[in-house]
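Since the structure comes first, as structure tokens, the remarks are kept for the end.
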Amino acid sequence: MKDGRYNLGIIGMGFRGIYFSCQHLRDVGKYNLVCVCDVSQEIIDYALDQVGERITSYTDVDEFLKHPDLDAVIIATHDKPHAELAIKVLQAKKHLYLEKPMATTIEDCDRIVEAWRGSDTVFMVGLELRYCSLMRDVKKIVDRGDIGQVKIATVVDNVSVGGNFYFHGVKRKKDYITSLILHKGTHSVDLANWIIDASPVKVYASGGLDVFGGQDSNDTRCLDCDKDCPYQRNDKDFYMDYGSRPRKTRDDRCVYSTECDVSDNTLVIVDYDNGTRMSYMECHFTPEYTREFTFVGDKGKLTAFYDNEQNFKIMVWKRHEEEPVYYYPEKQEGGHGGGDDAILAAFGEYVLEGKPGMYGIRGARDSAVIAIAAAESEVTGMPVLIPASQIMEGVQR
């Protein structure tokens, strides 16, 4: 650490890793970016070109973790390596910010928690939407009892960009991401868990691949295709909700290819250990890109609306009252409704103030557990029971 900043390294230099490398987030998070790591030197070179400066780079994680004066690490790889990399980082006693999802199996989530114990480090998972103004206000309203104890909840992920992004590349395959609920829906599921303040005990899911996938060749690429397709990658490609642009030359395979096998829509029902029930819908062919939340308590009802433009709105309607009350949370700078800035600032404060702990890790595990169980339930057609975990006792939600 130097001049009120900690020394940070990033593992995984895709578009999210590049995003964490930008100067704005370095200033917000008060970190010096000292090294990066990726298995591909080509990806490292591309990323550093985007960043606009040369930073020490590694293709070997063990060598990366030996970098002098390295204090903390962000893991921004694809999902499958999360557990092994997180365990290595924690065993090296480096503070860890792990991009969601926590891991792709329940066992791996627990292995990471075990690796943290005794490491004297800060450990957080990148569930940054908890830090946007909308969800902070929702949490405050529910916690102060305005709608009483939450009994049922409904969460909807309208994902208009599913065909623009996920089904063009490897993320359209189960063996790469398990499911889009685990890869993307983890955010909204975590927010439901956090507001409800409980852990799942039973999960049932039904889903399908009803718009994407099909009979086109797996080798068909947008750049070589002359069809009139609304999902064709071109020079006017879209940007992610935190400002980063996917590399169209890497992921421009046809969204109607035979190898697509992840569901493009799923319905999930969750029972919690406090008796609350939640339904979750994720759909990747809606016309809008929004999140919708409904929480109904024994004293009233709350609805909340989220979009990337931060047109946030909360309605609270108490039972036996004639009119609802509306709240309009303030807009914040930064991606994910300001959550990216706020969560990195919080991580930096914990690191710089020497406050080791697992912040939000129970919630991170619970959201991963729901997504993992939902994927199993989709296949078997049966509900999945979630046993209580002794490993998570005492861990912060």
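As the structure is a prediction and not an experimental result, all values here were calculated from the model.
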Taking atom types as modelled, find out whether N265 and D210 have a side-chain donor-acceptor pair closer than 3.5 angstrom.
yes
What are the two closest heavy atoms between L209 and C260, and how far apart are they?
CD2-O, 3.2 Å
Just one of F167, F212, F165 clears the ring pair (Phe, Tyr, Trp, His ring centres under 6.0 Å) bar with Y231, so which one?
F212
Below 4.5 Å, heavy atoms only, C-beta onward: do S377 and M382 meet side chain to side chain?
no
S188 versus Y280, closest heavy-atom pair with distance:
CB-CE1, 4.0 Å
So if you build clusters from Ile, Leu, Val, Met, Phe, Trp, Tyr with side-chain heavy-atom gaps below 4.5 Å, do F285 and I177 land together?
yes
For a quick test of reading the model, state the closest non-hydrogen atom pair linking K171 to L180 and the distance between them.
O-CD2, 4.3 Å
Going by distance alone, is a donor N or O of one side chain under 3.5 Å from an acceptor N or O of the other, for E128 and H187?
yes
Go through the steps for F293 and I195 under the test side chain to side chain contact (heavy atoms under 4.5 Å, CB included), then give the verdict.
CA-CA 10 Å; F293 301 86; I195 301 303; over 6 Å; no
Regarding H284 and D157, do their side chains bring together a donor and an acceptor under 3.5 Å, going by distance alone?
no
So if you build clusters from Ile, Leu, Val, Met, Phe, Trp, Tyr with side-chain heavy-atom gaps below 4.5 Å, do F15 and V39 land together?
no
Please check if the side chain of K100 supplies one atom and the backbone of A364 the other of a donor-acceptor pair under 3.5 Å.
no
Answer yes if the side chains of D340 and Y19 hold a donor-acceptor pair under 3.5 Å, and no otherwise.
yes
Do L90 and I87 have side chains that approach each other closer than 4.5 Å (heavy atoms only, starting at C-beta)?
no
Hey, are the side chains of L344 and I74 touching, using non-hydrogen atoms and a 4.5 Å cut-off?
yes
Aromatic ring proximity, centroids under 6.0 angstrom, Y350 and Y359:
yes
Is the distance between the ring centroids of F312 and Y306 under 6.0 Å?
yes
Pair T154-S279, side-chain donor/acceptor within less than 3.5 Å
yes
Quick one: are L96 and M124 in side-chain contact, heavy atoms under 4.5 Å?
no
Sub-3.5 Å donor-acceptor pair from the side chain of K301 to the main-chain atoms of K318, do we have one?
no
Are H95 and D71 close enough that a side-chain donor and a side-chain acceptor fall under 3.5 Å?
no
For a 4.5 angstrom cut-off between non-hydrogen side-chain atoms, does C37 reach E63?
no
For the residue pair Y272 and N193, confirm or rule out a side-chain donor-acceptor distance under 3.5 Å.
yes
Shortest non-hydrogen contact between C109 and R365, atoms and distance
CB-CG, 3.9 Å
Between the side chain of T286 and the main-chain N/O of V159, is any donor-acceptor distance below 3.5 Å?
yes
Polar side-chain atom of K93 near backbone of G118 as donor-acceptor pair, under 3.5 Å
yes
Donor-acceptor pair, S133 side chain versus E330 backbone, under 3.5 Å?
yes
What are the two closest non-hydrogen atoms of N218 and T258, and how far apart are they?
OD1-OG1, 3.1 Å
Is there a side-chain contact between M358 and F123 (heavy atoms, below 4.5 Å)?
yes
Would a 4.5 Å heavy-atom cut-off, applied to side chains only, mark L98 and I112 as touching?
yes
Verify whether one side chain among S40 and D38 offers a donor that lies under 3.5 Å from an acceptor in the other.
no
Give the minimum heavy-atom separation between G17 and I10, together with the two atoms involved.
O-CD1, 3.8 Å
Is a salt bridge present between D146 and R144, judged by a nitrogen-to-oxygen distance below 4.0 Å?
yes
Does the side chain of N7 come within less than 4.5 Å of M1's, by heavy atoms?
no
Under 4.5 Å between side-chain heavy atoms, counting indirect links through other Ile/Leu/Val/Met/Phe/Trp/Tyr residues: same cluster for V316 and I152 or not?
no
Would you kindly confirm whether I11 and M13 end up in one hydrophobic cluster when ILVMFWY residues are joined by side chain heavy atoms under 4.5 Å apart?
no
Between H67 (side chain only) and G9 (backbone N and O only), is there a donor and an acceptor less than 3.5 Å apart?
no
Do you reckon L352 sits in the same ILVMFWY cluster as V73, going by side-chain contacts under 4.5 Å, direct or chained?
no
Distance only, no hydrogens: is a donor on one side chain within 3.5 Å (strictly under) of an acceptor on the other, for S263 and E378?
yes
For T186 and I181, indicate whether the former's side chain and the latter's backbone hold a donor-acceptor pair under 3.5 Å.
yes
Tell me whether R130 contacts the main-chain N or O of L191 through its side chain, where contact means a donor paired with an acceptor under 3.5 Å.
no
Are D79 and T104 linked by a side-chain donor-acceptor pair shorter than 3.5 Å?
no
Between Y176 and H78, does the ring centroid distance fall short of 6.0 Å?
yes
Between D366 and R397 (salt bridge meaning N to carboxylate O under 4.0 Å), is one present in this structure?
yes
Assess the side chains of D341 and Q332: does a donor N or O sit below 3.5 Å from an acceptor N or O?
no
So, does T276 use its side chain to make a donor-acceptor pair with the main chain of V150 at under 3.5 Å?
yes
